[in-house]
Structures are given as structure tokens and as C-alpha cells.
Amino acid sequence: MPADIAFERIYVELYQQVLQYLMTGVTVGSIYAIIALGFVVIYNVTGIINFAQGEFVMLGAMIMVSLYKNQVPMVAAFVIAVLLTTIIGAALERLAIRPAKGASIVTLIIITIGASITIRGLGLITWGPNTSSLPAFSGDAPLVIGTASIVPQTLWVLVTTAILLIALYLFFERTLLGKAMRACAINMSAARLMGISPSVMAMVSFALSASLGAVGGVVMAPTTLATYDMGTMLALKGFVAAIIGGMSSTPGAVAGGLLVGVLESMGAGLISSGYKDAIAFVVLFLVLFVRPNGIFGGRDTSKGGL
Amino acid sequence: MAVSTTDMDRETEAGSALLDARSLRKDFGGIVAVDSFSFSVRPGQIVAIIGPNGAGKTTVFNLVTGVHPLTAGEIHFGGQRIDALKPYQIAEKGISRTFQNLQIFGNMTVVENVMVGRHSRSKVGILSGALSLPSSRSEEKRIYYAAMEMLDMVGLVSRAKQPASALPFGSQRLLELARALANEPKLLLLDEPAAGLASQETRNLERLIYRIRDGGVSILLVEHDMELVMGIADWVFVLDYGKLIAAGTPRDIQANEKVIAAYLGDETD
Amino acid sequence: MRHQNRIILSALFVVIGVLPFVFTSSYHISVMIFIGIHAMLAIGLCLLMGYAGQVSLGHAAFFGLGAYASGILTASYHVDPWLAMGLAAIFTGLVAFIIGKPLFRLKGNNLAMGTLGFGIIVYIMLVEMTDLTGGPSGLRGVPSLSIFGFTFDKDIKYFYLVWALALLFLILSLNIVNSRVGRALRSIHGSEIAAEMLGVDTNKYKIQILIVSAVYASVAGSLYAHYVTFLSPPPFGFKLSIEVLVMVVIGGLSSVYGAIFGAAATTLLSETLRGTVPKLLSGAGGEYEIVVFGVILMVVMIFMPTGLTSGTLNLVRRWRQEKALRVETREAEDGNAVTGVPRVPEGRTAIEDN
């Protein structure tokens, strides 16, 4: 009898643990999803993978933190952080992508990698190498749902992801600008004939993607510590999520983000936390080799080539 | 009428055909780009595939050269089945092609472009190359002279050492041709060779195609320039929406009502 | 061409042979040793990226595999260092072969991310497989190299050993580049589909050149391990992959010699920045120099997609041609010749099209 009880307790504990990992995974996964959306927006319009995507997240978080430290009210700090990052995103397209017009994919990859490193380094110079933290938006008292507890910030992250997804959908389906961007993605020369400027759309896509990243950075800042180099890993995982989602699908990107987040959190909790960062890449390799178009993707992700 | 006679022709001539494509089919997603299309090229023949835009002509080339796998059908070349082979293996068998959108190696000189064309007719590997063995150096020389010969044929010798990207458009087409010929093909696939050429250049091209044919190379041609096609082709296949709608001599085709309708439909689109 | 190569090579031999007598301080010699090690990495990536057009963002992984394979075999299992170096190279080459096949099914963006992922996985393994690698606390006791009782214990001896191998790799690479295989590699870069249609087995050559560059990196790693005699994961991280990328972008996108120049420039720049930046910015302890690398990558690729050195050479050539053209047209005008129609200089389209 006592053995049975002990066993049952282990079982319940395990169940609770898994539930907790799942919750953590979904939270982190939502952030990956937001970053993946940023990749998708730029890729759809320009065919470029922006390796500097993670730096937008870092900028959002770091600007928010430093404004907050200087007594700027939360809401104002949020707006300023997102706006500033958006402007930096647009500037990146203007200053680094536009002048290299017609460049090969290799060239564009190296340019965005250069941009990523530069922004990260400037972040280091501005904010130093130390981590900084942001208090949660609505306190730290956990809400208990059933057997699992949830921190309010988690809800913020989840709700933000949902709002962003809906907003993006409405933007692309309902607004003229959004439709114009989609037109560019489908057929650039046709779009040009219709009076849509692909180069303006490219800039808008970078700006939009930067603001997405910034929002992600702001809402995640309270859940982790913000540093100048937080962007690299986030970008890589967001990319993995985007690839799983098929690179051009917004719902796919969100599903991919959640999948990566959950697998990572489960793997870290149940197998080994040291290999946590490798999990996303193992998933990436599996997906790329088994289904190069992503699990949720339809159209060919490799532009050019054969 | 025309279709059925071709079918009969093929039945009787299949044995002597150099390229024999049987019931080719290619689906892209849900779209059928080529649908049960059969055709053949006999040794020494100039055969043209024509059709309105989007009829599936370039797709046929991509099927023959192994760029896209077939959805269904068989392709035989010189009596061997080639539809499961990789593009480079098909090139080794003796099929060369040019491209509608030029695929010049812009990062190389003109003569180097043609030297790549000798790839499957030479064999130095990475080790003997790295050690620069005498066999490697002598082979390099032979490749170079063979390439210069090809350039001479298309009249680009004086440009041999220039970067290929510096050539004017018409010369780049000729360069592609020289490069394809360097592979010593038995069958040469020309994808819209006259597109973008001035009329004088087209006439030169026509003469060149005859010379190539007289050198023992069969030619399969996709072309929009009807004057050129009707002038040089021995046999014409007409595709529309991936399906064969007519086949015959240029004279038959010009009189074929289905063909005229297909082309008129294309123009009113 | 071959003749010209011989002259440049002899000059390079002489310069490198003399350098340790000009810069005699142990600091300078150790910097030059690192340049030699980096040059091997850069030459490999130059073949892969500059010639075959395949991006790798995980080159540090091959370097790390070579270093740790040598380190573990010699320090933990007391294998002869030279044998270990060979085994490490075979092992790393094998890894390249195994990952190459699936990796090259990816193109462009995906290949870049795939190699980046590979680099990160290897790095994490170096940190986590503590039983084998010593993990974050490192692997101690890697012995020095010696041959027939001659020990490379002094920096100056090691300098000549490293550079002898670097120059050997340079010569092998020059030969490859100037052979049928090199042409095939460049054709893949120019147009993969056209290359394939001309009988080039593009996949085979990509994998072969990945293996070559992995073996170069592995030998460089072994040499590094026996030089510093202590291994820990940080030098084999993403930053090194980026540095090698910078080396190639500076010099090696279209020239193997350029890779050596790029390695020297990048290593010296890195050293200089490491020395000066903390003085300029008080309390700076991080990797500030990486900002400069980022800017170099962006600026060079935007304005000189063929690389800094060849881009500069092209500019000079173009300037000369334009000057010649001006003279030509002036002469034509002077002679009242009708045939003096200005010609577009050939170099120009070449640059713009690239």
C-alpha cells in the first residue's frame, strides 16, 4: 500500500511538472512565434531572411528597460520603445538593404548578419554587458488554475501574441497597405504595374517586422532578464519556428513557435537542460531534411536554384 | 487528323528515334503543366515545339533534361531510359541545352564558360587537381583548345578572355550555344534561341543551327519566332495547355485550324 | 597565369620567412601564428563560399572538432600528436561528409541557417560532454608537438610549422581552383542549373569542397590545440565563425591569396581593437570589436560584393580603363576619326552584374 501511494505521488508530481513545462513552453513559444512572424513578414515581401530579427527584440526590451529606469511611465515607455525600434527597422532597410539592390542571396545574408552584429555591439556600448530586469506588468502573484500556477506576465505574453496575430491578419486582409504588400509578395512586377512600389513595401515590411519584434521584446522582458545579446538565440529559434511554419504562412509561424517552445521546455525539463538550445536545431534539421517546405507550408521555400 | 498520323509515325519509327518521349505528364501541385505528351526526335532532325505562352514548352525541356521529375511517362534516349537520371547524368549521355533566361556564368571569362562545357568529356578529380599532376595539366590544355574551337565556331574567339558578363546580349546567347556544344551532344535543346535577337542576328543563328545539324547533332527547339521555326524545322509539335494539339511538317501546321485558334486565343487574352 | 602564381608564391615565401626576424617579440610572433591558423580557416571557407558560393556560418565547428579531437586523443589517451592530428582530420572530414549530404539539399538562406545550427550544436556538445571535453572548465595537458626528437617548443619554431602547413594548403587550393574541379565549383556559383546541365555533379563537388575546407579547419584546430595546450569552448563559438566570414569577405571572395590577406587584416584588427577600445571606453570589457566587424561586413557587401580586395582592384582597373578611354577618344577626336566611338569599359558591367 505505501508503495502504491508513493508511486501515485510521483505520478502526480510528474503530471504537474509536465503541465508546468507545457505552460512555460507555450509562453516561450509565443515569443518565438512573434519573432517568427517578423521573419515571415519580411520574407514574404522581399524574399530576404533578416538575420537581424533578434536584434529588434533586444532593442524593444532594452529601450523599454532603460526608459522605465528613468521614471518614464510604463505605457509611454512601451510606445516609445516600439516606435524607436520601428524607425531603426525602416532605417536598416533604407541604409543597408536598399543600396545593395539586386544583390545575390549570399550577399544579402552577409549584410543582415553584419547588421545584426553591429546593432548588438551598439547595444553593448549603450547598455553595457550587464543584465537588467523589468517588473511584471501586473504584479508577480501567481494565479492558480487547477493544479498549475501561472504568472500574470504569462497571460500578457499569450494575449499579446493573440492580438498581434489577429492584427496582422486584419492588416493583410483588410487594409490597402497590407494588400499592397501581399501583392508584392505574389508578383513583384505585376504589383509595380498596379502602381505599388515594391521598394516602399520592402521598407514597410522591415518597419512592421521591427515593431513586431519590439513588442515581443517588451512583453518578454519581465519573464527573463534583458541583455544586449539576448537577440541571437531568440532570432535563431524564431527562424526555426518560421521554417517549420513554411516560411510564408503566418498561422504556420505561430504554430511553429509554440511547437519549438514546448519541445524545448519539455526537453530541458525531462531530458537535460544543458542541451536546451540544441533542441530547436535538432528540430530544424529534422524538418528541413524531411519536409523542406515546413510542416505547415505549401509552396517552395527555396527561391532560385533549380 | 494530324495527331493520329504522328502517333502512327511514332509507332513505326520508335526504334530509330534518338529521343523518344512517351506520354509525358507533369503536375505542379494541382496544375497539370504537361499532359500525356508524346514526341520523338530522329537523328539529324530539327524538331520544334511551339505553342502559346504557358503551354508547357519549357517544362518539357525541364522534363527531358531531368530538372523536374516526371509525374508519369517515359523518356528514352539512344535506346536507354533516362527519365530517372539526374540532370548531370543526362548531360553525360549527350543532351545539352540552352536557356530561355540566359544562364551564363557571369563570374567567369568567356572561354572558361565554354571550358565548363567540356566537364563531362574530361575527368581530372579533386586530388589530381590539388596536386597539379601532369595528367591534370595536359588535360587542361586539351580542354582549353577544344573550348577555343567552339568559340571560333560561334565567332567569339576575340572575346575569349573577357568576363562573360561583359558580353552584349546576343553574344551571350552564342556563348551559351558554344558552351552547350562543347559537351559534344547528340541532341541539343534550344530554348527560345532567337528571343531578344535582332533580325540579322536571327539569320546568323539560323545558319549556325544548320551547321550544327550538319555536324551530326539533332536539334529540339522551342521558339516563338514563327518565321525561324517554319524555316528550319523538319517537324513541329504544337502544345496548348500542356496538351498536344497538332503535329506535322511546318506546312501542315500553318494550315491547321486548331493551331490558328490556339494562337488567336492567346492574342485576345 | 601559372607563371604569375609562382612569382607571387615565392614572394610570399620570402616575406613569411623573414617576418619573425623583423617582428621578434614573442607577442608579435604569437599573433603571426594565429594569423597562420586563421589563414587555414579562411582558405577553406574561401573555397566553399568564394568559389562554390555556399555560405557557411558554422566554420568554427570544424575548427573546434579538430582541436578537441587532437586534444582529447593526446591529453586523455596519449596518442601520438601527429597521428592524432591525422585522425582528427579524418574524423572532421567524415563529419563534413555526413552532414554535407543533407545540408546541401538546402539552398541559400536555409543553408546559412543550417550551418549556423550545426555550429551551435557542436558548441553545445563541447560544453555539455564534460566527461570527454572537460566542459566549461576546459581540457588541460595537451602536449607540444615534436618530430624526430625536435620539439616545437619555441614560438618561432611553431611559427614556421604553422606557416609551412598554411602555405601547403594555399598551394593545394590554388591548384584546385585552377583545375577542372575549380572551374566546376565556380560554375555552381555562377548558375547551378547550367552547371548541372553541362554534366557537373553539383552535389558531389559541394560535398568534396566542404570536406576539404573541414579538413583544413581541423588541422588548424589541431595546431591551435598543441600551441595553447589548453582547450575551452568559447574560442570555437559563433564569434569565430563570423570572424572567418569577415576574413573571406575582406579578401577571399574571389581569390585564395586574398584569404590570407583577410586573415591577417582581421586578426590584426581584432588585436588592435582589443587593445585600444577599452582605453577609449572606460570600463569596457565585452567584445566591442565585433561592432567593427559588423560594419565591415555590411559596408563591403553593399559596395563591393566581390570582396574588399578584389572590389578595390576592380575600382582601380575601372579607373584606369576610363582614363585609357579618355585618352583613346581624345586621340580619335584629334585625328578626326569617325571610328572613335567611345566603348563601354569592359570592367564596368562585370562589376555591376556581380
Side-chain angles (χ1 to χ4, degrees), chain B residues 61-62 65-67 86-99 101-109 112-133 136-137 139-140 143 159 161-168 176 179-180 182-183 189, chain C residues 1-2 5 47 50-53 168-169 171-205 207-209 211-212 215 253-254 305-306 310 314 317 343-354:
Chain B
F61 270 24
N62 286 337
T65 51
V67 174
K86 298 250 172 63
Y88 78 90
Q89 292 167 321
I90 292 172
E92 283 169 0
K93 297 267 177 219
I95 298 181
S96 286
R97 76 177 279 189
T98 65
F99 297 86
N101 306 315
L102 288 173
Q103 296 285 342
I104 288 290
F105 305 127
N107 53 340
M108 302 165 86
T109 65
E112 282 172 334
N113 263 269
V114 184
M115 287 168 82
V116 176
R118 297 296 296 171
H119 191 86
S120 49
R121 308 290 157 230
S122 45
K123 58 176 193 296
V124 162
I126 196 159
L127 274 180
S128 44
L131 300 174
S132 193
L133 298 179
S136 161
R137 278 176 295 182
E139 190 186 83
E140 248 338 70
I143 294 173
R159 298 267 196 163
K161 295 284 162 65
Q162 292 175 6
S165 54
L167 288 183
E176 270 207 348
R179 193 176 68 181
N183 184 37
L189 273 54
Chain C
M1 206 54 187
R2 215 159 277 274
N5 257 343
L47 293 177
Y51 283 87
L168 173 70
F169 289 172
I171 293 169
L172 292 177
S173 305
L174 283 171
N175 286 341
I176 292 176
V177 163
N178 291 320
S179 77
R180 170 174 175 267
V181 176
R183 210 165 35 238
L185 291 173
R186 282 194 293 157
S187 75
I188 296 172
H189 195 4
S191 162
E192 197 162 338
I193 184 165
E196 188 90 7
M197 298 284 68
L198 293 167
V200 177
D201 184 351
T202 53
N203 234 11
K204 179 180 96 181
Y205 287 109
I207 291 174
Q208 281 188 350
I209 210 66
I211 293 172
V212 169
V215 168
L253 276 179
S254 49
T306 56
S310 89
N314 275 343
R317 201 176 305 145
R343 204 162 35 80
V344 181
E346 307 293 357
R348 171 175 289 178
T349 39
I351 294 161
E352 283 168 357
D353 285 358
N354 272 326

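Chain A is the first sequence line, chain B the second, and so forth, proteins listed ahead of strands; every chain is numbered from 1.
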Engineer: Side chain, backbone, both or neither: which part of B:Glu139 has a heavy atom under 4.5 Å from chain C?
Structural biologist: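 Contact with chain C involves the side chain of B:Glu139 alone.
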Engineer: What part of C:Val177 gets within 4.5 angstrom of chain B, counting heavy atoms only: side chain, backbone, both, or neither?
Structural biologist: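 For C:Val177, neither part sits under 4.5 Å from chain B.
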Engineer: Heavy-atom pairs under 4.5 Å with chain C: which of B:Leu131, B:Asn183, B:Ile90, B:Val116 has the most?
Structural biologist: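 Answer, by heavy-atom pair count under 4.5 Å with chain C: B:Val116.
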Engineer: Using non-hydrogen atoms and a 4.5 Å limit, figure out which bit of B:Arg121 sits close to chain C: side chain, backbone, both or neither.
Structural biologist: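 When you check distances to chain C, no heavy atom of B:Arg121 falls under 4.5 Å.
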Engineer: Under 4.5 Å from any heavy atom of chain C, what part of B:Ala180 do you find: side chain, backbone, both or neither?
Structural biologist: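 The answer is the backbone of B:Ala180.
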Engineer: Start with the C-alpha gap between C:Glu196 and B:Val67, add the side-chain angles, then the distance that decides, and say whether side-chain contact (heavy atoms from CB on, under 4.5 Å) holds.
Structural biologist: CA-CA 9 Å; C:Glu196 188 90 7; B:Val67 174; over 6 Å; no
Engineer: Are side-chain heavy atoms of B:Arg179 and C:Met197 found at a separation under 4.5 Å?
Structural biologist: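 Of all side-chain heavy-atom pairs linking C:Met197 with B:Arg179, none is under 4.5 Å.
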Engineer: C:Ile171, C:Ile209, C:Val200, C:Leu174: which one forms the most heavy-atom pairs within less than 4.5 Å of chain B?
Structural biologist: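 Winner by heavy-atom pair count: C:Val200.
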Engineer: Quick one: which of B:Lys86, B:Gln89, B:Lys123, B:Arg97 has the most heavy-atom pairs under 4.5 Å with chain C, could you say?
Structural biologist: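 Option with the greatest count: B:Lys123.
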Engineer: Might you point out which heavy atoms bring B:Gln103 and C:Ala194 nearest each other, and give the distance in Å?
Structural biologist: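 Shortest heavy-atom separation between B:Gln103 and C:Ala194 comes out as O-CB, 3.5 Å.
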Engineer: Applying the side-chain contact (heavy atoms from CB on, under 4.5 Å) test to B:Ser132, which of C:Asn175, C:Asn178, C:Leu172 qualifies?
Structural biologist: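 With B:Ser132 as partner, C:Asn175, C:Asn178, C:Leu172 yield a single side-chain contact (heavy atoms from CB on, under 4.5 Å), made by C:Asn175.
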Engineer: Taking C:Arg180 for its side chain and B:Gly129 for its backbone only, find out whether a donor-acceptor pair lies under 3.5 Å.
Structural biologist: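 It does not hold such a pair.
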Engineer: To the nearest 0.5 angstrom, please state how far the CZ atom of C:Arg183 sits from the CZ atom of B:Arg118.
Structural biologist: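 It comes to 10.5 Å.
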Engineer: State, to 0.1 Å, how close C:Gly199 and B:Ala91 come at their nearest heavy-atom pair, and which atoms those are.
Structural biologist: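 It is N-CB, 3.4 Å.
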Engineer: So, taking the atom named CG in B:Asn107 and the one named CG in C:Leu253, what distance separates them when rounded to the nearest 0.5 Å?
Structural biologist: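 Nearest 0.5 Å value for the CG-CG distance: 11.5 Å.
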Engineer: Please say which of C:Asn203, C:Asp201, C:Thr202 ends up in a side chain to side chain donor-acceptor pair (under 3.5 Å) with B:Tyr88.
Structural biologist: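 Single side chain to side chain donor-acceptor pair (under 3.5 Å) partner of B:Tyr88 among C:Asn203, C:Asp201, C:Thr202: C:Asp201.
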Engineer: Please identify, among C:Ser191, C:Gly190, C:Ala195, the residue contributing the most non-hydrogen atom pairs under 4.5 Å to chain B.
Structural biologist: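 Winner by heavy-atom pair count: C:Ser191.
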Engineer: Report which part of B:Ile126 has an atom under 4.5 Å of a heavy atom belonging to chain C: side chain, backbone, both, or neither.
Structural biologist: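 It is both, since atoms from each part get that close.
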Engineer: Using non-hydrogen atoms and a 4.5 Å limit, figure out which bit of B:Leu127 sits close to chain C: side chain, backbone, both or neither.
Structural biologist: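 For B:Leu127, there is no contact with chain C at all, as no heavy atom is under 4.5 Å.
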